[in-house]
Amino acid sequence: MLVVENVSKTYGDIVALKPVSFRADEGELVFVTGKSGSGKTTLLRLILREILPTTGKIVFKDADILTLKGSALSSYRQKIGVVFQDFKVLPEKTLRENVEIALAVVGVPSSEWQKRVDDVLKMVGLLERSELFPVQLSGGELQRVSLARALVVNPDMILADEPTGNLDWQTSDEIMNLFIKIVQSGKLVIMATHNLSLVEKCTKMEKDKLKTKVVSLEE
Ligand SMILES: Nc1ncnc2c1ncn2[C@@H]1O[C@H](COP(=O)(O)OP(=O)(O)O)[C@@H](O)[C@H]1O
Ligand SMILES: [Mg+2]
């Protein structure tokens, strides 16, 4: 489904990402690990096609994403859910509105919003709180909102940049369990993290039919 081949990124003399190659399929959890500055965020931005690589090739569902333009590029991006370390929820909007925005962006008719938002908020366990504002929630809950927002468009792939980076270990575990559920429902999740104990825990779950892969970036 996703092929990353010899992809690197430099800015002048700065090497942001050394050449990296991997393949990933639906129903797989791919960890991108490496120290701070090794290029994890850069790799996710390359896959999202926010930036272009200096070398290499990225193919998603048999399409070369580096040559996408205009509406083809927008529709590629719209099929990707993105989750950040700092949640990026809008403080002046309710949880429900925060999730609805994702549907508005991709042009889903508003008549469908209620059911779709209810479904994802239920999945992340926040349906009863849908009319609250972000300031009324904990960090773990805010991350669940951002996961709901990523999921509501029914993405092919989810890119998560240190999604547990601002959370305590117990809350991280809860968020990871949600990600695992999402992977097991057949999505491809690519997660940047420097939390190796979290990676180890998940890669040991292979017995429980969780398909994982680790892409380790060198500095
Ligand atoms: N737009 C940019 N211009 C110059 N250097 C950049 C740019 N983006 C990232 N870098 C550099 O590339 C390296 C990798 O960054 P990043 O991908 O954010 O690493 P990580 O997410 O693993 O911490 C860092 O040294 C960073 O300063
Ligand atoms: Mg980063």
Side-chain angles (χ1 to χ4, degrees), residues 2-24 28-60 64-69 73-74 76-77 80-90 102 134 139-140 142-147 149-151 155 157-169 171-176 178-180 182-183 187-203 212-219:
L2 176 72
V3 182
V4 171
E5 212 172 278
N6 202 31
V7 168
S8 72
K9 180 72 179 175
T10 55
Y11 295 96
D13 292 340
I14 300 170
V15 179
L17 177 68
K18 288 187 179 168
V20 60
S21 301
F22 68 94
R23 283 165 177 268
E28 216 173 334
L29 173 55
V30 179
F31 289 106
V32 177
T33 65
K35 284 187 212 160
S36 178
S38 60
K40 301 180 294 297
T41 298
T42 301
L43 177 57
L44 295 184
R45 294 181 65 210
L46 286 161
I47 295 170
L48 190 57
R49 245 300 306 261
E50 250 180 43
I51 51 174
L52 285 166
T54 307
T55 67
K57 197 165 126 179
I58 303 176
V59 175
F60 186 72
D64 177 353
I65 69 149
L66 304 183
T67 60
L68 295 178
K69 284 195 196 73
L73 179 56
S74 320
Y76 169 69
R77 290 215 185 104
I80 301 176
V82 185
V83 177
F84 302 94
Q85 176 172 0
D86 58 359
F87 324 131
K88 296 214 196 299
V89 294
L90 300 171
L142 291 178
Q143 195 55 297
R144 287 196 262 151
V145 175
S146 73
L147 200 44
R149 185 185 51 197
L151 281 172
M157 167 162 71
I158 293 184
L159 304 178
D161 197 356
E162 313 253 9
T164 63
N166 280 345
L167 306 174
D168 59 66
W169 67 266
T171 313
S172 297
D173 267 5
E174 287 167 23
I175 293 292
M176 272 319 293
L178 275 176
F179 273 107
I180 287 166
I182 291 163
V183 172
K187 306 253 184 244
L188 168 59
V189 174
I190 306 200
M191 183 183 298
T193 180
H194 58 250
N195 185 343
L196 293 179
S197 64
L198 187 143
V199 173
E200 194 184 354
K201 202 147 122 193
C202 291
T203 48
T212 58
K213 186 169 278 169
V214 180
V215 175
S216 150
L217 304 180
E218 293 171 54
E219 242 203 308

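Nothing fancy with the numbering, it's 1 onward along the sequence. Counting starts at 1 for both ligands and their atoms, following the listed order. Because the structure is a prediction, the values reported are computed rather than measured.
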Check the pair Q143 / V83 against side chain to side chain contact (heavy atoms under 4.5 Å, CB included), numbers first and verdict last.
CA-CA 8 Å; Q143 195 55 297; V83 177; 3.3 Å; yes

Stepwise side chain to side chain contact (heavy atoms under 4.5 Å, CB included) test for I190 and E28
CA-CA 8 Å; I190 306 200; E28 216 173 334; over 6 Å; no

V20 vs V215, side chain to side chain contact (heavy atoms under 4.5 Å, CB included): CA-CA, chis, key distance, verdict:
CA-CA 8 Å; V20 60; V215 175; 3.6 Å; yes

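In this structure, a donor-acceptor pair under 3.5 Å is absent between the side chains of D161 and Q85. Residues T203 and T212 bring no donor and acceptor atom of their side chains to less than 3.5 Å of each other.
In plain terms, the two heavy atoms of I58 and L66 that are nearest each other are N-CD1, 4.0 Å. Closest heavy-atom contact between K40 and A192: CB-CB, 3.8 Å. L151 approaches P155 most closely through the heavy-atom pair O-CD, 3.4 Å.
Counting only protein N, O or S atoms, 1 lie closer than 2.8 Å to the Mg ion (ligand 2).
A salt bridge is defined here as a Lys NZ or Arg NE, NH1 or NH2 lying under 4.0 Å from an Asp or Glu carboxylate O, and D173 with K201 meets this definition.
Protein residues with a heavy atom closer than 4.0 Å to ligand 1 are Y11, I14, A16, K35, S36, G37, S38, G39, K40, T41, T42, listed by chain and number.
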